Protein chains: 2
Amino acid sequence: MSDPVNGEPLVVVLLEHAMHRVRAELYALSDASFPGLRTRHYRLLSLLPPGGERLTRLTAASGLTKQALAQALAPLQAGGYVEVVPDPSDRRARLVRLTDRGREATAAVRHRLAAVEREWAAQVGEERYAVARAVLTDLAPGPVTVGE
Amino acid sequence: MSDPVNGEPLVVVLLEHAMHRVRAELYALSDASFPGLRTRHYRLLSLLPPGGERLTRLTAASGLTKQALAQALAPLQAGGYVEVVPDPSDRRARLVRLTDRGREATAAVRHRLAAVEREWAAQVGEERYAVARAVLTDLAPGPVTVGE
DNA sequence: GGAGAATGGTCAAGCCGCTTGTCTACCCGG
DNA sequence: CCGGGTAGACAAGCGGCTTGACCATTCTCC
């Protein structure tokens with residue numbers, strides 16, 4: 001995964017490794033408690049505001065097409081993580097809303113990822129890790145206000 | 001992409017954003033100079049040691065199956081980025097070797113990614129970025145010695 | 001208030017990247 | 001020289017996404 005020729009590894013490789021670690025953790029979480037859920041499902045769940053959200057607005061937040069999103073949503077609905085109800089204010093639209101089980105899943109994700117971060121912090125030092133996280137946060141775009 | 005409910009964004013989201021930025025840069029590079037090459041192709045190229053390498057050993061380094069790898073290698077071979085020659089020491093095996101054009105591509109990647117990193121450093125501060133990168137490096141596994 | 005455009009969502013087909021399974025060619029240890 | 005292991009190719013299939021077409025409803029504006 002690193003570069004045998006040149007000295008320092010490519011950023012992309014470093015990022016990929018961290019992603020890989022995180023994904024492994026999420027898969028373990030799925031195996032243990034939420035069978036069938038993939039990384040994108042957890043991300044989707046974490047995007048849902050309390051009052052529910054329309055599919056179209058989720059596409060903007062998630063960067064997926066509405067078709068892809070609908071497809072990703074199907075297992076979530078089937079598993080009882082979200083419920084899809086008609087939007088009272090627009091008969092074309094449907095609201096996607098977290099269920100209790102969905103909230104359970106998002107809480108579990110936070111918990112699990114927090115554990116990974118604690119582990120990382122222990123490995124590289126609390127302060128250094130804090131800096132790294134802050135840097136990544138700074139590099140990320142401003143919060144996407146999906147919940148208005 | 002961020003979380004509207006809870007405070008701090010998930011690590012996975014932060015990492016994904018950085019990855020996304022990097023990938024965008026690589027795509028731009030492909031459009032400009034190396035049409036058809038995707039992120040995995042650049043990574044593959046950067047894995048190749050000077051003397052060439054066998055497909056099977058690359059699978060270990062890349063984490064892909066040999067079939068996936070062979071598939072990813074095809075466009076590289078077609079584009080003249082690598083050449084595949086029989087291994088003199090084992091008639092079953094074939095050596096994948098960088099061509100000049102391949103070396104050109106890897107150099108371009110390094111250049112381009114270095115530019116992104118300079119940009120990031122300017123945005124968050126040289127020292128903070130240096131810490132972040134060092135942390136990511138520490139978290140990555142020891143160098144995979146693909147070139148023996 | 002009615003026609004036309006815009007929006008929310010679904011259905012269907014297809015592509016791409018990867019997987020598993022199977023096969024041949026070759027190496028190596030007895 | 002024979003059996004097991006390894007290098008790699010071939011084929012089929014699948015998951016996740018895309019584009020394209022379509023229907024239902026709502027908005028806009030004359």
Side-chain angles (χ1 to χ4, degrees), chain A residues 1 12 16 19-20 23-24 26-27 30 35-45 47-49 51-79 82-97 146 148, chain B residues 1 16 19-20 23-24 26-27 30 35-45 47-48 51-79 82-97 146 148:
Chain A
M1 220 47 116
V12 61
E16 264 168 2
M19 280 293 303
H20 189 268
R23 247 181 274 122
L26 293 182
Y27 285 11
S30 293
L37 295 199
R38 318 267 300 174
T39 306
R40 99 195 66 99
H41 297 129
Y42 292 117
R43 189 150 51 93
L44 225 45
L45 289 177
L47 280 175
L48 287 173
E53 190 52 282
R54 293 188 188 171
L55 192 147
T56 306
R57 306 205 46 200
L58 285 176
T59 67
S62 70
L64 298 175
T65 62
K66 50 188 179 178
Q67 292 89 333
L69 200 46
Q71 222 164 326
L73 231 36
L76 288 177
Q77 192 175 0
V82 301
E83 55 183 359
V84 180
V85 299
D87 184 339
S89 73
D90 186 338
R91 277 196 296 160
R92 292 169 303 180
R94 322 178 107 219
L95 286 178
V96 181
R97 217 156 39 189
V146 63
E148 208 108 35
Chain B
M1 217 53 108
E16 264 166 4
M19 279 294 304
H20 189 268
R23 249 182 272 122
L26 293 182
Y27 285 8
S30 292
L37 295 200
R38 316 269 299 175
T39 306
R40 97 195 70 103
H41 297 130
Y42 292 117
R43 190 150 51 95
L44 225 44
L45 289 177
L47 279 175
L48 286 173
E53 188 54 279
R54 294 189 188 172
L55 193 147
T56 305
R57 306 205 45 201
L58 285 176
T59 67
S62 69
L64 296 176
T65 62
K66 50 187 179 180
Q67 291 90 335
L69 201 44
Q71 223 165 327
L73 231 36
L76 288 177
Q77 191 175 2
V82 301
E83 55 183 1
V84 179
V85 299
D87 184 338
S89 72
D90 187 337
R91 277 197 295 161
R92 291 170 303 177
R94 323 177 106 218
L95 286 178
V96 181
R97 216 155 41 188
V146 63
E148 209 108 39

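Chain letters run A, B, ... following the sequence lines, proteins first, then strands; residues in each count from 1. It should be emphasised that the depicted structure is a prediction, and the values quoted were computed from it without experimental measurement.
- The minimum heavy-atom distance between A:Asp90 and A:Arg54, with the atom names listed, is CB-NH2, 3.6 Å.
- Here the C1' atom of nucleotide C:dT10 and the CG atom of A:Asp87 are 17 Å apart, to the nearest Å.
- Taking a 6.0 Å sphere around CZ of B:Arg94, one finds it holds 12 or fewer heavy atoms contributed by other residues, nucleotides or ligands.
- Look at B:Arg38 and you won't find any side-chain N or O under 4.0 angstrom from OP1 or OP2 of C:dC16.
- Shown here are the side chain to side chain contact (heavy atoms under 4.5 Å, CB included) partners of B:Leu73, two or more places apart in sequence or in another chain: B:Leu44, B:Leu55, B:Leu76, B:Val96.
- Here D:dC17 presents its C1' atom at 12 Å from CG of A:Leu69, a figure rounded to the nearest Å.
- Distance, B:Arg57 CZ to D:dA7 P: 10 Å, rounded to whole Å.
- With rounding to whole Å, A:Leu58 atom CG is found 12 Å from C:dT10 atom P.
- If you take CD of B:Gln71 and C1' of D:dC14, they are 13 Å apart, rounded to a whole angstrom.
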Original post:
Going 5' to 3' along nucleotides 20-27 of chain D, which nucleotides have protein heavy atoms under 4.0 Å from the base (write B), which only from the sugar-phosphate (write S), and which from neither (write -)?
Top reply: B---BBS-
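- Between the P atom of C:dG8 and the CG atom of A:Leu95 lies a distance of 12 Å, rounded to the nearest Å.
- Across every non-hydrogen atom of B:Ala72 and B:Arg40, the tightest pair is CB-CD, 4.2 Å.
- Base engagement by A:Ala68 is indicated by at least one non-hydrogen atom pair under 4.0 Å involving a base atom.
- Between B:Thr56 and the phosphate of D:dG8, there is a side-chain N or O to OP1/OP2 separation shorter than 4.0 Å.
- Side-chain contact check for A:Glu16 versus B:Thr39: some heavy-atom pair is nearer than 4.5 Å.
- Here the side chain of B:Ser30 pairs a donor or acceptor atom with the backbone of B:Leu37 at under 3.5 angstrom.
- For C:dG8, neither phosphate oxygen OP1 nor OP2 lies less than 4.0 angstrom from any side-chain nitrogen or oxygen of A:Arg94.
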**OP:** Go through B:Arg97 and B:Val85 one step at a time and tell me if the side-chain contact (heavy atoms from CB on, under 4.5 Å) criterion holds.
**Re:** CA-CA 8 Å; B:Arg97 216 155 41 188; B:Val85 299; 3.9 Å; yes
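- Between the CD atom of B:Glu53 and the P atom of D:dA7 there is a distance of 11 Å, rounded to whole Å.
- In terms of phosphate contacts, B:Thr65 brings no side-chain nitrogen or oxygen within less than 4.0 Å of OP1 or OP2 of C:dC18.
- Regarding A:Leu73, its CG atom lies at a distance of 14 Å from the P atom of D:dG16, rounded to whole Å.
- B:Leu64 has its side chain out of reach of B:Leu58: every pair of non-hydrogen atoms, C-beta onward, lies at least 4.5 Å apart.
- In the helix from C:dG1-D:dC30 to C:dG30-D:dC1, the rotation axis of the first five pairs and that of the last five pairs differ in direction by 20°, rounded to 10 degrees.
- In terms of heavy atoms, B:Lys66 sits closest to B:Thr59 at CA-CG2, 3.4 Å.
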